[in-house]
Protein chains: 2
Amino acid sequence: MRMRSIRNLETQGHLLTSQRRLLLSLISNSGEHMDARELYQRALSNGASISMATVYRCLHLFKELGLVDEIWLGQTRCFYEIKQPAQHQHLVCRGCGKVIEFESPLISKLTNKLQREKGFNVTNAKLHFEGYCQQCQDKAN
Amino acid sequence: MRMRSIRNLETQGHLLTSQRRLLLSLISNSGEHMDARELYQRALSNGASISMATVYRCLHLFKELGLVDEIWLGQTRCFYEIKQPAQHQHLVCRGCGKVIEFESPLISKLTNKLQREKGFNVTNAKLHFEGYCQQCQDKAN
DNA sequence: TTAAGTGCAAAGGCTTTGCAGCATA
DNA sequence: TATGCTGCAAAGCCTTTGCACTTAA
């Protein structure tokens, strides 16, 4: 069965080019979060014919179609990941840069509370924690 | 009594220039969150002699000294605010761009849980909600 | 076949930096 | 007076865009 994201592309009048197919598969198969440059470089090392312009254009399209999520972590880096049905949040280690994902029911509690108390309709919640992972703490001692 | 941030500057061997004083007061007195460009323009309209280079250099210094917090909201904009003792989070309206601040004890609960269960030592927590505020929802109906 | 997508190169923003002159303490 | 700071202008990145060529369906 084909990826949901590929079906979405096709059913919305967009072409499924080799570049788009590769980018989607890189984003969904890699465990790590990649920014535009990293995606470009991985695509190149897969032997693809692709340019940064195409990477950016595809990422915009994917975002628009709701196929990927754009995540801003800390400083200036923007990462992409295939949109997940379950909300999950990010924990970034300031020591080694590792990104740990986690889920928490507290987020939806908070979302509901904001809706109730402030009338604010939350469409998107990002929780971003920074700190030091166990290993980096051990290393420091 | 002088601002805490000004004392911090002085006690750490940094000069208190007119540009730094003005930037700190703009950041702490404005209710809104401003990015580098907005700060620069407000400083200019206050009649200051200042350049973008100085704005960036000062913001880096303030951040390093822990005087201001840098907040990444959504796309590409980075805002600054005077560091607050109490943690507060941001709610951004996708309709009008308004930024609402709120606090929640759930954050520290979650922080403690991550420490306990994953050994992750959280130094910084940012919660970023997007959605539509009451007025924008009303307008849409 | 043809609308849509791509690559290239140039342009646009934002941010950083080298250097000479200026200002705080 | 002596560091440290500032402004200017240039350079560095990342991202976007115009245009001619290519490709999926």
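Chain letters run A, B, ... following the sequence lines, proteins first and then strands; every chain starts at 1. What you see is a predicted model; the values in this text were computed from it and never measured.
Rounded to whole Å, atom P of D:dC5 lies 10 Å from atom CG of B:Leu65. As rounded to whole Å, 15 Å separates atom P of C:dG5 from atom CG of A:Leu59. The separation between B:His60 atom NE2 and D:dT6 atom P is 14 Å, rounded to whole Å. The distance from atom CG of A:Leu23 to atom C1' of C:dG5 is 13 Å, rounded to the nearest whole Å. Between the P atom of D:dA25 and the CZ atom of A:Arg21 lies a distance of 7 Å, rounded to the nearest Å. As rounded to whole Å, 13 Å separates atom C1' of C:dC14 from atom CD of B:Gln41.
A sub-4.0 Å separation between OP1 or OP2 of D:dG4 and a side-chain N or O of B:Arg20 is absent. Checking the phosphate oxygens (OP1, OP2) of D:dG4, no side-chain nitrogen or oxygen of B:His14 falls inside 4.0 Å. Using a 4.0 Å cut-off, no side-chain N or O of B:Ser18 falls inside it from OP1 or OP2 of C:dT24.
Side-chain atoms of A:Gln137 come within 3.5 Å of backbone atoms of B:Gly119 as a donor-acceptor pair (strictly under, hydrogens ignored). A distance-only check finds a donor-acceptor pair linking the side chain of B:Gln89 to the backbone of B:Leu127 [under 3.5 Å].
Under the 4.5 Å side-chain heavy-atom criterion for grouping Ile, Leu, Val, Met, Phe, Trp and Tyr, B:Leu110 is not connected to A:Tyr132 through any hydrophobic cluster.
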Taking it one step at a time, do B:Thr111 and B:Ser108 satisfy side-chain hydrogen bond (donor to acceptor under 3.5 Å, both in side chains)?
CA-CA 5 Å; B:Thr111 301; B:Ser108 56; over 6 Å; no
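Of the residues near DNA chain C, B:Thr17 and B:Arg37, the one whose nearest nucleotide (by heavy atom distance) lies more toward the 5' end is B:Arg37.
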Expected rows: protein N/O vs nucleotides 7-10 of chain C N/O, under 3.5 Å:
from  : atom 1 : to      : atom 2 : distance (Å)
C:dG7 : OP1    : A:Gln19 : NE2    : 3.3
C:dG7 : OP1    : A:Ser49 : O      : 2.4
C:dG7 : OP1    : A:Ser49 : OG     : 3.2
C:dG7 : OP1    : A:Ile50 : N      : 2.8
C:dG7 : OP2    : A:Ser51 : N      : 3.0
C:dG7 : OP2    : A:Ser51 : OG     : 3.0
C:dG7 : OP2    : A:Thr54 : OG1    : 2.3
C:dG7 : N7     : A:Arg57 : NH2    : 2.9
C:dG7 : O6     : A:Arg57 : NH2    : 3.3

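A search for side chain to side chain contact (heavy atoms under 4.5 Å, CB included) contacts involving A:Leu44 returns A:Tyr40, A:Ile50, not counting sequence neighbours.
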